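What follows is a set of notes on a single structure, which appears directly below.
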Amino acid sequence: MPPRLLKGPYLVPGDTRMDVRFELDSAAPATVELARAGEPRAPLVVEDRAATAMHVVRVGGLEAAASYTYGVRVAGAIVGRGRFTTPPAPDSSAPLTFLVYGDDRSDQTTHAAVVRSLALTPSDVLINTGDVVADGGNAGDWQSFFEVEAPLLRERPLLLAIGNHELYDDSAGANFARYFGFDDASGTLQPYGTVRLGNVRFFFLNGMHDWDSGPERSWLTAELTHADTEPGLVWRVAVVHHGPWSSGPHGANAKLVDAHVPELLVAHKVDLLLSGHDHIYERGDGGPLKYIISGGGGAPLYRISPPMLATRKAESTYHFVEVTTGPAGIKTVAHRLDGTILERCGFAKGTAWDCDALPGTSPPAAGAPSSTAPSDGPPSAPRCGCEVPGARAASALVPVALLALGALAALALARRRSRRG
């Protein structure tokens, strides 16, 4: 009996390539055939001659912002098809849109509903903040994840931060590396890495280990330093499962806070930090480093603790976040699973969050656990739908010096909370 697809095909982007990844139910060579959508040219054929079950077929030389169709061929037959659009070129000022979600383990029904909502929202790439399985060592949990996300991942590239549940019963994160690992200079798949898409560079961190020293600390410092002078780079985004700020029950990540990782990110001009771990939505301002917690992808929701100094908005709800970068600003839209908009926000470099009041939007369903921190200011006319996300009058801008003071205060509070819990 010829091999059949067990997982995938699914897409993982790299700096200048697209990986088509898939797993077969038995070992066999495979090929991927790609063609520009709507063009009669002969397809590009990329072979993986290794007789293995797990295939990572890397395709380079693709045109930027171009649509492709592809097929996976095994034993002479096409066993899977899909299509994708490549991200903008690195020297392009074109916007990049990415959808942020995470903590979708444990409840396949809710997870599937989140996936359906994601599929209806156009984007260049998906960013998952981790904990996609309940048990990283359980093959059945991984199979369930891929089955739920299959329609989405055939056509949308996914980048994933490793979570504590990916390490649960698999302390080395071997399954994570197998399916979503980032290759280092030697080609070894690691649970951390960096990817450039358009004019945005993403840094994916393993927040579950010691950050005082070690190879990942050295790697991050080197990559951030390289990005300081990277041609055409406009935005820097860090992604870690358990972040340095949270109003959820897990609180701050003491390993990051005590090792001064937030200060390292600020020193190298990282604009936004994305995390999960607490099953809530939270938006905050740790000084110059903005953060969003998106952990409402399907796992049971958490109640929210009293808001931290850094918190600007918090709500316990299933959701995902749409993020769009522009030449001068970033725009975010938090979507609840029921179709309502939780909030629309944005910011320009060196300025505070700028959010719409969203008059007339619906609150969460009655009885849902929720909590909302104080907003960024009094209600006002919508601003964040403007052409430059986050733009506001110059008189309303928060000086960078004040933001830095806010960062120090927020980190000090985070350290105190992390040591308590």
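Hydrogens, waters and symmetry mates play no part in the numbers below; they use all other heavy atoms, side chains included. Keep in mind it's a predicted model, so treat the numbers as computed, not measured.
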Looking at the rings of [X] and [Y], which for Trp means the six-membered one, are their centres under 6.0 Å apart?
X: Phe204; Y: Tyr192; value: no
X: Phe22; Y: Tyr179; value: no
X: His279; Y: Tyr318; value: no
X: Phe146; Y: Phe180; value: yes

Salt-bridge present ([X], [Y]; N to O < 4.0 Å):
X: Arg196; Y: Asp15; result: no
X: Glu343; Y: Arg283; result: yes
X: Glu315; Y: Arg336; result: yes
X: Glu147; Y: Lys7; result: no
X: Arg105; Y: Asp141; result: no

Pairwise distance CG(Leu272) to CZ(Phe202) - rounded to 0.5 angstrom: 9.0 Å

Distance only, no hydrogens: is a donor on one side chain within 3.5 Å (strictly under) of an acceptor on the other, for [X] and [Y]?
X: Thr129; Y: Ser275; result: no
X: Asp103; Y: His277; result: no
X: His268; Y: Asp228; result: yes
X: Arg344; Y: Thr332; result: no

Step-by-step salt bridge (Lys or Arg N to Asp or Glu O under 4.0 Å) determination, Asp354 to Lys331: CA-CA 9 Å; Asp354 174 18; Lys331 177 179 178 179; over 6 Å; no

CA sep, side-chain torsions, deciding dist, call: His241, Asp131, side-chain hydrogen bond (donor to acceptor under 3.5 Å, both in side chains): CA-CA 8 Å; His241 178 63; Asp131 275 8; 3.1 Å; yes

Could you report the tightest heavy-atom contact between [X] and [Y], atom names first, then the distance?
X: Arg201; Y: Leu233; result: N-CD1, 3.5 Å
X: Phe98; Y: Leu274; result: CE1-CD1, 4.0 Å
X: Leu205; Y: Trp211; result: CB-CZ2, 3.9 Å

Quiz item: cation-pi between Lys269 and Trp235, 6.0 Å / 45°: no

Axial cation check for Phe347 ring with Lys290, 6.0 Å and 45° limits: yes

Criterion side-chain hydrogen bond (donor to acceptor under 3.5 Å, both in side chains) on Asn138 and Asn175, from CA distance to verdict: CA-CA 9 Å; Asn138 188 301; Asn175 280 331; over 6 Å; no

